[in-house]
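These numbers were taken from a predicted model, which means no experiment stands behind them. Counting starts at 1 for both ligands and their atoms, in listed order.
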Amino acid sequence: MSYGLSYAGAESDYDSADAFLLGIPYDRTSSFKSGAAEAPAHIRRASYNFEELHFEHGLDLPRLNIFDQGDCEHVFLPEDMMEEVKFFISPAIRDKKFTVAVGGEHSINMPIIQCFKRNDIALITIDAHLDSRDEYLGTPYSHACVTRRAAEHLGIDNVFALGVRSISKEELERDDVIPYTTSFEIKEKGIERAVKKALDSVKSEHVYLSLDIDGIDPAYAPGTGTPEPFGLDPLDVKRTINLIGGRLVGFDVTEVCPPADPSGITSALAARFINEVLAVHSKYLT
Ligand code: MN
Ligand code: MN
């Protein structure tokens, strides 16, 4: 456990918190460029750039009580990361907190999804990649296996990937391809239609949104390990969060790589998406 600067506005204690934030500085399965372990600290720092209130959501939103747990231990083996994340996220989900996880690479999503009961949620990802391999570079817990592990736990009809534009042959040539929409289709037909397709496709009412920052075009989010051209623009992602709206029960942002982000623009974008999610969640808080 490490304690540094808390996320901006996270002044609540655990018991009275509506939202629970955890940093997961893990990047040991990274296939191209590592450094995502540094992201939680950079994203927390970037959170101080912004007004606490985002006026476009209305001026009288209830103020959300946010608890920032700090970062979990920086471990080496993916199995240890899985245990470490579950140790913190499991109780938060049990206590009905809205969870926000700050990666780290995308593999940090797998233990979080496994903390939910099978029929409780669907997973929607925003990602340049389908991440649906059975295993990658010798581990089933690689960041290239995220949607496959989620499909095993939630059912394949409870997983959907938005913004995909990079898929391997082995992922496409199988009977159980993870449902997805490409960034090309989103650009052609609009984000509203794509999100509707995703929400209609999944079975569970409650949706967990996992944002791999490489889903966004590298022109807007250059600081990531595996940049992939032809991506979504940030307003597509903002719109997605708002369209999921009251169905949203948890969120993670992953694959921000500060060493590849000298201007800090990618960390700032990640922080702004966390704020967006919190603002939308507070709108539906009863
Ligand atoms: Mn990706
Ligand atoms: Mn990914």
Side-chain angles (χ1 to χ4, degrees), residues 24-37 39-40 43 78 81-82 85 101-114 122-137 139-154 156 159-168 170-172 177-184 186 194 198 207-234 236-237 240 250-261 266-267 269-270 273:
I24 310 169
Y26 186 74
D27 64 7
R28 299 300 183 153
T29 80
S30 283
S31 38
F32 183 55
K33 208 186 283 171
S34 64
I43 292 170
M81 179 275 291
M82 299 284 290
V85 172
V102 186
E105 55 174 50
H106 207 177
S107 52
I108 64 104
N109 174 259
M110 293 183 277
I112 300 172
I113 295 303
Q114 291 178 10
L123 170 69
I124 294 179
T125 66
I126 294 174
D127 199 328
H129 310 93
L130 195 55
D131 285 354
S132 68
R133 287 174 153 100
D134 287 316
E135 60 163 66
Y136 193 64
L137 300 177
T139 172
Y141 302 119
S142 160
H143 66 164
C145 309
V146 173
T147 57
R148 184 61 56 197
R149 294 291 89 77
E152 287 165 358
H153 186 64
L154 305 172
I156 195 164
V159 181
F160 198 99
L162 288 168
V164 177
R165 53 199 185 276
S166 170
I167 312 180
S168 67
E170 71 168 277
E171 291 175 284
L172 275 180
V177 176
I178 301 292
Y180 67 93
T181 297
T182 65
S183 61
F184 312 117
I186 291 172
V207 171
Y208 183 101
L209 178 65
S210 181
L211 171 61
D212 178 330
I213 205 84
D214 70 27
I216 297 160
D217 195 272
Y220 301 103
T224 189
T226 46
E228 187 72 37
F230 310 129
L232 305 188
D233 77 49
D236 291 333
V237 176
T240 302
F251 175 74
D252 60 56
V253 56
T254 65
E255 300 288 344
V256 171
C257 181
D261 189 39
T266 312
S267 287
L269 188 59
F273 286 134

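Distance OG/Ser132 to CD1/Ile156: 8.5 Å, rounded to 0.5 Å.
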(request) Start with the C-alpha distance between Arg133 and Glu170, add both sets of side-chain angles, then the distance that settles salt bridge (charged side-chain N to carboxylate O under 4.0 Å, His left out), and finish with yes or no. (result) CA-CA 8 Å; Arg133 287 174 153 100; Glu170 71 168 277; 3.6 Å; yes
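Checking Asp214 against the Mn ion (ligand 1), an N/O/S atom falls under the 2.8 Å cut-off. Taking 2.8 Å as the threshold, Asp212 counts as a candidate ligand of the Mn ion (ligand 1), since one of its N, O or S atoms lies below it. With 2.8 Å as the limit, His106 does not count as an N, O or S neighbour of the Mn ion (ligand 1).
Looking at Asp131 and the Mn ion (ligand 2) together, the shortest N, O or S contact belongs to OD2. The N, O or S atom of Asp127 with the smallest distance to the Mn ion (ligand 1) is OD1. Minimum-distance N/O/S atom of His129 relative to the Mn ion (ligand 1): ND1.
For the residue pair Asp252 / Ser210, a side-chain donor-acceptor distance below 3.5 Å is found, with atom types taken as modelled.
When the shell of 6.0 Å around CZ of Phe230 is examined, it contains 12 or fewer heavy atoms from other residues, nucleotides or ligands.
Side-chain atoms of Asp233 come within 3.5 Å of backbone N or O of Asp236 as a donor-acceptor pair.
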